[in-house]
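Below is one structure, written out as structure tokens, with a few remarks after it.
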2 protein chains.
Amino acid sequence: MVCVMAPARGPDARRSGSNPPPTELRERLLDATRDLLAHRRFDSISVADIIAAAGVSRASFYFYFPGKQAVLAELVRRAVDQGQQAAEPWTSGQQDPSRALRSGIEAGATLWKDNAGVLTAIVESWGSDEQLRELWLRQMETFTDATVARIQADPEVMRRLDGLDVRAVAASLTWLGERLYYLAAANVPPFTDRDILVDTLMHAWTHTLYGESPGSTTA
Amino acid sequence: MVCVMAPARGPDARRSGSNPPPTELRERLLDATRDLLAHRRFDSISVADIIAAAGVSRASFYFYFPGKQAVLAELVRRAVDQGQQAAEPWTSGQQDPSRALRSGIEAGATLWKDNAGVLTAIVESWGSDEQLRELWLRQMETFTDATVARIQADPEVMRRLDGLDVRAVAASLTWLGERLYYLAAANVPPFTDRDILVDTLMHAWTHTLYGESPGSTTA
DNA sequence: CGGCGACCATACATGCTGTCTGGTCGCATC
DNA sequence: GATGCGACCAGACAGCATGTATGGTCGCCG
């Protein structure tokens, strides 16, 4: 047998410049999957659908990716990298909290709007695939870390959170965002309205972190 | 053909009392699924697994249920009915908010602890099945409605939420709960610790609803 | 020009779903 | 005590998806 297609590596490092980009088929597969995700849910998309949309053979698909999940993982990484820098105002710790927070939340909304299909897909799938699970949990941890840092940098907030697990508070706010953005992308009211989404998230974050403890409770 | 197994109805209404309970096989299937869910994730469980565990034939399975999802839906309904009354202190509107809230949150934790498999399963699957989707969204709406009612009954809270969509605030807190309980059941730290989970949730709810607006922000 | 690397079509083994066929058993009625 | 029907079972099937394997084409590079 001659056509052994190398043990594991992709289309081989040493290639100079005749084929269009480095690995065109791989990109075509990623693009096709991304496009399909814009209209259909991940688990209803088969490998057959992807290769048909990309105009690539089945063999090539499995040459570049071990499976559907790996394609999704790559798409998520790219989307999230792009979003990482959008959240920079909040993560960097500069600016006043309120302003930075609003920027971050707005950035999240935009990120989810632009990548609804891909992000919806991973949120629905990370529970059932080890690779995706690790990817998404790590992502959430990254955001959580940033928030923990901001909290710890502010003695006033630390005081108000007295006795609470700081990491848990930060994580809960991170996951609240994940959930609300997801619900918006999944057309669950009332979060389909961007302004409502942003205001609600903003309220929860500011009151949880910067709000005074409940004093009077009527009723 | 003689064994036509009636068009759609289950094992027939008119039955008096000779077979053990009304529909024993159906219960066996539900129990078996519930048991399997305690150790394995829903989408890794096949109909073959369920009928093997229940000691029921394939034909009978499809006689009682249109598919796996229907079994899960039934299990969720039962679990949730049981939890509904546990949340009664909060939903009824009696008691002072703080105490009622804590009862409700504790009740949720207990419900999730006792039904981790089933609830984890629906949270991971409601996105991909119309029946499950409707069931879970309705459930979340029920909780949201109760919270909306409590908010609207308290003019002081209404005042502090001025300009915000009340329903969105209530829904966000409901979904925050869903998420944190799920993460706990999925062994994602730090929510695996019940006390941390309850305290964090309590903090988020009380500050979002009953906390004063952020005044000073250091940093 | 010879070989190798990128690619393709096709076929296969496996596993799951949902449906269908035909048959067994027990009970209740005539 | 035969008969008939309802509850149940075993097994087979078509359809579809996955992941792997076979063998062959094409073009470039040395």
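Labels below follow one simple rule: chain letters A, B, ... track the order of the sequence lines, proteins then strands, and each chain is numbered from 1.
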Donor-acceptor contacts under 3.5 Å from residues 183-199 of chain B side chains, at least two apart:
residue, atom, partner, partner atom, Å
B:Asp193, OD1, B:Asp195, N, 2.9
B:Asp193, OD1, B:Ile196, N, 3.1
B:Arg194, NH1, B:Thr110, OG1, 3.4
B:Arg194, NH2, B:Glu106, O, 3.4
B:Arg194, NH2, B:Glu106, OE1, 2.9
B:Arg194, NH2, B:Thr110, OG1, 3.2
B:Asp199, OD1, B:Arg102, NH2, 2.7

Return the value, rounded to whole Å, for the distance between atom [atom1] of [X] and atom [atom2] of [N].
| X | N | atom1 | atom2 | value |
| --- | --- | --- | --- | --- |
| B:Phe65 | C:dT17 | CZ | P | 15 Å |
| B:Ile45 | C:dG15 | CD1 | P | 18 Å |
| B:Phe61 | D:dA10 | CZ | C1' | 17 Å |
| B:Phe42 | C:dT17 | CZ | C1' | 13 Å |
| B:Lys68 | C:dC16 | NZ | C1' | 9 Å |
| B:Asp129 | C:dT17 | CG | P | 13 Å |
| B:Phe63 | C:dG22 | CZ | C1' | 17 Å |
| B:Ile51 | C:dG18 | CD1 | C1' | 12 Å |

(message) Is a donor from one side chain sitting under 3.5 angstrom from an acceptor on the other, for B:Thr147 and B:Trp90?
(response) yes
(message) If only side-chain N and O atoms count, and only distance matters, is there a donor-acceptor pair under 3.5 Å linking B:Thr142 with B:Asp145?
(response) no
In terms of side-chain heavy atoms of [X], which of [options] is nearest?
| X | options | answer |
| --- | --- | --- |
| A:Ser46 | D:dG19, D:dA17, C:dA9 | D:dA17 |
| B:Ala59 | C:dC20, D:dA21, D:dT20 | C:dC20 |
| A:Tyr64 | C:dA6, D:dA10, C:dT19 | C:dA6 |
| A:Leu25 | D:dA7, D:dG19, C:dC7 | C:dC7 |

(message) With a cut-off of less than 4.0 Å, is there a side-chain N or O of A:Ser57 near OP1 or OP2 of C:dC7?
(response) no
(message) Check the phosphate of C:dG18 against B:Tyr62, side-chain N and O only, distance under 4.0 Å to OP1 or OP2. Yes or no?
(response) yes
(message) For D:dG11, does the base pair up with any side-chain atom of B:Arg58 as donor and acceptor (N or O, under 3.5 Å, distance only)?
(response) no
(message) Can you confirm whether B:Arg99 is buried at CZ, in the sense that more than 12 heavy atoms of other residues, nucleotides or ligands lie under 6.0 Å from that atom?
(response) no
(request) Assess whether atom CD of B:Glu134 is packed by more than 12 heavy atoms of other residues, nucleotides or ligands within 6.0 Å. (result) no
